[in-house]
Protein chains: 4
Amino acid sequence: MTPPNAARRSERAHRAILEAAYALAVDRGAAKVTIEAIAARAGVGKQTIYRWWPSKGALLLDVLIDAVGAVSEMPDTGDVTADLKAQMTAVTRLFQSDFARFYTGLIAEAQGDEAVARGLAEQLLDRADGPRRARLAKAQRDGELRADVDVAAAAEALYAPIYYRLLLRTAPLGVDQVHALLDVVLDGLRPRE
Amino acid sequence: MTPPNAARRSERAHRAILEAAYALAVDRGAAKVTIEAIAARAGVGKQTIYRWWPSKGALLLDVLIDAVGAVSEMPDTGDVTADLKAQMTAVTRLFQSDFARFYTGLIAEAQGDEAVARGLAEQLLDRADGPRRARLAKAQRDGELRADVDVAAAAEALYAPIYYRLLLRTAPLGVDQVHALLDVVLDGLRPRE
Amino acid sequence: MTPPNAARRSERAHRAILEAAYALAVDRGAAKVTIEAIAARAGVGKQTIYRWWPSKGALLLDVLIDAVGAVSEMPDTGDVTADLKAQMTAVTRLFQSDFARFYTGLIAEAQGDEAVARGLAEQLLDRADGPRRARLAKAQRDGELRADVDVAAAAEALYAPIYYRLLLRTAPLGVDQVHALLDVVLDGLRPRE
Amino acid sequence: MTPPNAARRSERAHRAILEAAYALAVDRGAAKVTIEAIAARAGVGKQTIYRWWPSKGALLLDVLIDAVGAVSEMPDTGDVTADLKAQMTAVTRLFQSDFARFYTGLIAEAQGDEAVARGLAEQLLDRADGPRRARLAKAQRDGELRADVDVAAAAEALYAPIYYRLLLRTAPLGVDQVHALLDVVLDGLRPRE
DNA sequence: CGGTAAGCGAGACGGTACGTCCCGTCTTCCT
DNA sequence: AGGAAGACGGGACGTACCGTCTCGCTTACCG
């Protein structure tokens with residue numbers, strides 16, 4: 001009925017839940033995590049979880065955002081290709097770690113839970129996409145890219161294939177993919193003399 | 001223990017299962033389909049499903065493959081851009097239909113079931129990818145694209161963004177995305193004079 | 001893993017289960033009662049049954065004990081023959097009622113479930129046997145029976161034939177059997193002058 | 001629809017079924033025997049069992065009758081007490097063997113299957129009871145027992161307690177029980193001088 | 001500053017679905 | 001036609017979790 005009073009929330013329980021959820025999601029995949037297991041591992045009543053999160057997906061989303069954060073940073077050395085290579089490689093590395101099954105599991109969860117889908121798009125993906133587009137726009141101003149290029153589309157063409165392999169597993173992730181993408185996409189966007 | 005004898009399989013039951021699974025997956029999403037519901041709707045014992053498929057995902061994969069099939073066709077009018085535009089638009093249309101929740105649900109399933117992931121990659125995605133690469137390679141021979149272009153990477157750069165939006169929902173699917181991708185990716189791959 | 005906390009047991013559910021089990025066992029026989037049917041009739045989750053009873057037999061045993069109870073009472077008018085006749089007749093009447101199929105069904109259950117067998121013997125049969133032996137012993141002290149008579153064996157010789165007919169159905173149960181037993185067994189145990 | 005033609009029955013299959021059923025019933029108890037297990041062990045199709053027996057109980061009853069047979073024999077040395085002691089001891093021994101769980105299991109089966117109950121009573125128990133009553137009647141004619149004794153009731157008082165312990169397990173079976181019964185029942189039936 | 005209402009741990013509850021075991025029937029192919 | 005084999009529709013099993021609920025217990029705020 002009435003929403004819980006956030007001021008009286010137990011910080012101890014909150015942290016224990018996030019940590020338990022993280023640990024379980026990383027080592028058995030998000031799909032196989034259960035609220036009961038999280039509660040048990042955190043030493044917490046189930047109700048305490050249901051009080052603060054509407055669903056398993058929402059909780060895991062919080063945990064993920066908490067855990068990723070910094071990957072959206074975008075270097076700026078004046079050389080777009082180098083900067084993108086660095087950032088795309090960092091993303092690839094993350095997706096090669098144990099962490100990947102957590103991420104993919106949460107994306108799976110999002111397919112059946114609109115709230116998670118929205119949270120994921122807005123709080124994680126859009127947030128990471130901003131700096132990428134900004135970097136490409138700056139490259140445009142610097143004359144590294146043609147002025148008529150649609151930077152949003154370019155960012156998608158560069159990053160989507162990494163997610164594609166992460167989720168669809170048609171080929172392994174790796175730096176070679178990053179190189180190939182830069183060659184195929186970014187090269188074609190340079191000014192023609 | 002012993003594998004079932006495929007020769008004695010009931011064609012009636014087989015078809016009823018595939019149809020029931022299809023109907024349920026389309027209208028409530030793959031994640032919310034249960035084996036019990038499929039069995040009930042098909043008028044079949046649960047064991048008959050378990051006898052022939054190892055998991056819900058494996059069954060849904062069969063259904064999906066059965067249902068998609070033709071989308072991998074690739075036109076060839078001599079104009080790559082037009083051909084890709086047509087095919088990418090067809091894919092986009094499919095992903096805009098009710099059918100999408102089935103597809104995304106199955107991809108979700110694949111995140112926690114290696115066998116489904118493999119089946120999906122090999123029997124659906126790779127199969128669709130072949131003709132795309134072939135069409136790009138022909139364009140290369142025809143001089144429509146530069147000779148040094150990595151066609152596999154190009155195909156990924158064109159199609160992955162469609163899947164990206166399908167699964168991550170950062171932006172709606174649509175023909176405008178197709179146009180933007182062709183501009184950003186394919187245009188850059190033309191021979192430079 | 002951990003045993004349930006009996007203090008928090010729902011009295012409502014407990015009673016509903018016992019009543020449902022009783023009703024089902026009486027009207028379709030213990031063998032044809034299923035845990036699912038009990039749960040459904042009681043408006044209870046199956047787990048609630050499994051939480052408190054290890055098996056169908058254990059539950060039915062509780063129900064039976066609950067339902068019988070008073071049959072172990074033994075009158076004492078000073079005339080052993082009359083007292084035994086009264087009590088044996090009461091047992092016979094019980095075994096002629098609808099209740100019989102419940103009892104026989106549970107004894108059947110006991111043949112394949114050691115725990116039920118033990119419970120039945122200790123909580124029902126031994127409990128009923130005590131007063132019978134005590135009454136016979138008193139008759140001995142009163143000089144109604146010879147001093148060297150083995151009262152336990154006598155009690156068995158009197159009551160076992162009733163169970164024999166109940167379970168093996170070689171002949172119908174009835175008061176005439178009671179009379180015959182008293183004539184054949186008890187008469188022979190009187191002091192010889 | 002039409003009953004099977006007994007003349008064309010396969011003797012090999014028939015015997016294999018009886019043997020398999022026997023072996024399984026002895027070593028896991030009649031309740032845990034399944035038609036599928038019998039068929040598998042006998043190397044026989046399930047239908048072959050269903051063709052010739054209406055139920056598991058009916059099959060097991062056939063097996064049991066086949067296996068017991070001789071226990072109904074009653075010696076006659078001229079001394080009833082000695083003869084009964086010998087025969088009751090033989091029955092007790094049988095009930096102490098591995099064979100007991102088969103027997104008790106079948107009696108359990110009979111509680112829910114009228115046909116089995118009838119078969120058991122008529123083909124096994126009554127058949128065994130006849131000679132016992134006959135022996136007691138002869139003892140009466142010989143002056144070993146009083147003339148007014150109801151021999152049927154006496155036979156029941158002597159044998160029922162053995163079944164009682166077999167089925168209800170209030171006390172272990174043993175020769176001491178036999179002695180006690182003879183003392184308590186038979187002794188009282190002798191002529192009084 | 002003592003009472004009381006909130007959050008908390010624990011876990012029982014009514015349910016749904018799981019994947020398995022057998023039932024008794026049926027179909028096919030073989031002898 | 002009987003038999004070996006085993007797929008079929010079905011019912012129940014015992015288990016895992018779901019999300020809700022009810023218990024004390026502890027803790028912080030408020031009259």
Side-chain angles (χ1 to χ4, degrees), chain A residues 2 4-14 16 32-37 39-40 42-52 54-56, chain B residues 2-10 12-14 16 32-37 39-40 42-52 54-56, chain C residues 2-10 12-14 16 32-37 39-40 42-52 54-56, chain D residues 2 4-10 12-14 16-17 32-37 39-40 42-52 54-56:
Chain A
T2 41
N5 178 344
R8 309 190 64 169
R9 180 170 194 172
S10 155
E11 194 45 45
R12 189 198 130 285
H14 188 180
K32 284 174 192 123
V33 172
T34 66
I35 297 274
E36 299 217 324
V44 135
K46 284 199 285 175
Q47 197 60 247
T48 302
I49 298 180
Y50 285 110
R51 183 152 32 232
W52 301 108
S55 71
K56 185 180 77 177
Chain B
T2 42
N5 178 344
R8 316 190 54 173
R9 181 170 196 172
S10 156
R12 190 195 127 293
H14 188 177
K32 285 179 191 114
V33 172
T34 67
I35 296 272
E36 297 216 322
V44 137
K46 282 199 283 176
Q47 200 63 54
T48 301
I49 298 180
Y50 285 111
R51 186 154 31 233
W52 302 108
S55 69
K56 186 180 76 177
Chain C
T2 41
N5 178 344
R8 315 192 56 175
R9 182 168 195 172
S10 155
R12 189 194 128 292
H14 189 177
K32 286 179 191 114
V33 172
T34 65
I35 297 273
E36 297 216 324
V44 137
K46 282 199 284 176
Q47 201 62 57
T48 301
I49 298 181
Y50 285 112
R51 185 151 35 232
W52 302 107
S55 69
K56 186 179 74 176
Chain D
T2 42
N5 178 344
R8 310 192 61 171
R9 180 169 195 175
S10 156
R12 191 198 129 285
H14 189 180
I17 290 165
K32 284 174 193 123
V33 172
T34 66
I35 296 275
E36 299 217 324
V44 135
K46 284 199 286 175
Q47 197 60 246
T48 302
I49 298 180
Y50 285 111
R51 183 150 34 231
W52 302 107
S55 70
K56 185 179 76 176

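A quick note: this is a predicted structure, and the numbers were derived from the prediction, not measured.
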All side-chain contact (heavy atoms from CB on, under 4.5 Å) counterparts of [X], not counting sequence neighbours:
X     : value
C:P4  : C:R51, C:W52
C:A37 : C:L24, C:R28, C:T34
B:A13 : B:S10, B:V44, B:T48

Rounding to an integer number of Å, can you tell me how far [X] [atom1] sits from [N] [atom2]?
X     : N      : atom1 : atom2 : answer
A:I49 : E:dG7  : CD1   : C1'   : 14 Å
D:H14 : F:dA4  : NE2   : P     : 13 Å
B:W52 : E:dG19 : CH2   : P     : 19 Å

*D:R51 side chain N/O closer than 4.0 Å to the phosphate oxygens (OP1, OP2) of F:dG2?*
no
*May I ask you to verify if any side-chain N or O of C:T48 is less than 4.0 angstrom from the OP1 or OP2 atom of E:dG14?*
yes
*In the 5'-to-3' direction, what one-character label does each nucleotide of nucleotides 11-20 of chain F receive under the scheme B = base within less than 4.0 Å of a protein heavy atom, S = sugar-phosphate only, - = no such atom?*
-SBBBBSBBB
*Any chance you could list the contact pattern along nucleotides 23-31 of chain F? Use B for base contacts, S for sugar-phosphate-only contacts and - for none, protein heavy atoms under 4.0 Å, 5' to 3'.*
B---BS---
*Could you give the distance from CZ (A:R9) to CD (A:E11), rounded to the nearest 0.5 Å?*
7.5 Å
_By side-chain hydrogen bond (donor to acceptor under 3.5 Å, both in side chains) - contacts of D:Q47 (at least two apart)_ = none
*Who are the side-chain hydrogen bond (donor to acceptor under 3.5 Å, both in side chains) partners of D:K56, not counting sequence neighbours?*
none
Write down the atom of [X], the atom of [Y], and the distance for their closest heavy-atom approach.
X     : Y     : value
B:A39 : B:G45 : CB-C, 4.3 Å
D:A42 : D:A16 : CB-O, 3.5 Å
B:G43 : B:R12 : O-NH2, 4.1 Å
D:I17 : D:I49 : CD1-CG1, 3.8 Å

_D:R12 vs B:G45, nearer the 5' end of DNA chain F by closest nucleotide_ = D:R12
Dump the pairs, protein N or O against N or O of nucleotides 29-31 of chain E, anything under 3.5 Å, distances to one decimal.
none

_Does A:R9 reach a base, just sugar-phosphate, or nothing at all? Heavy atoms under 4.0 Å._
sugar-phosphate
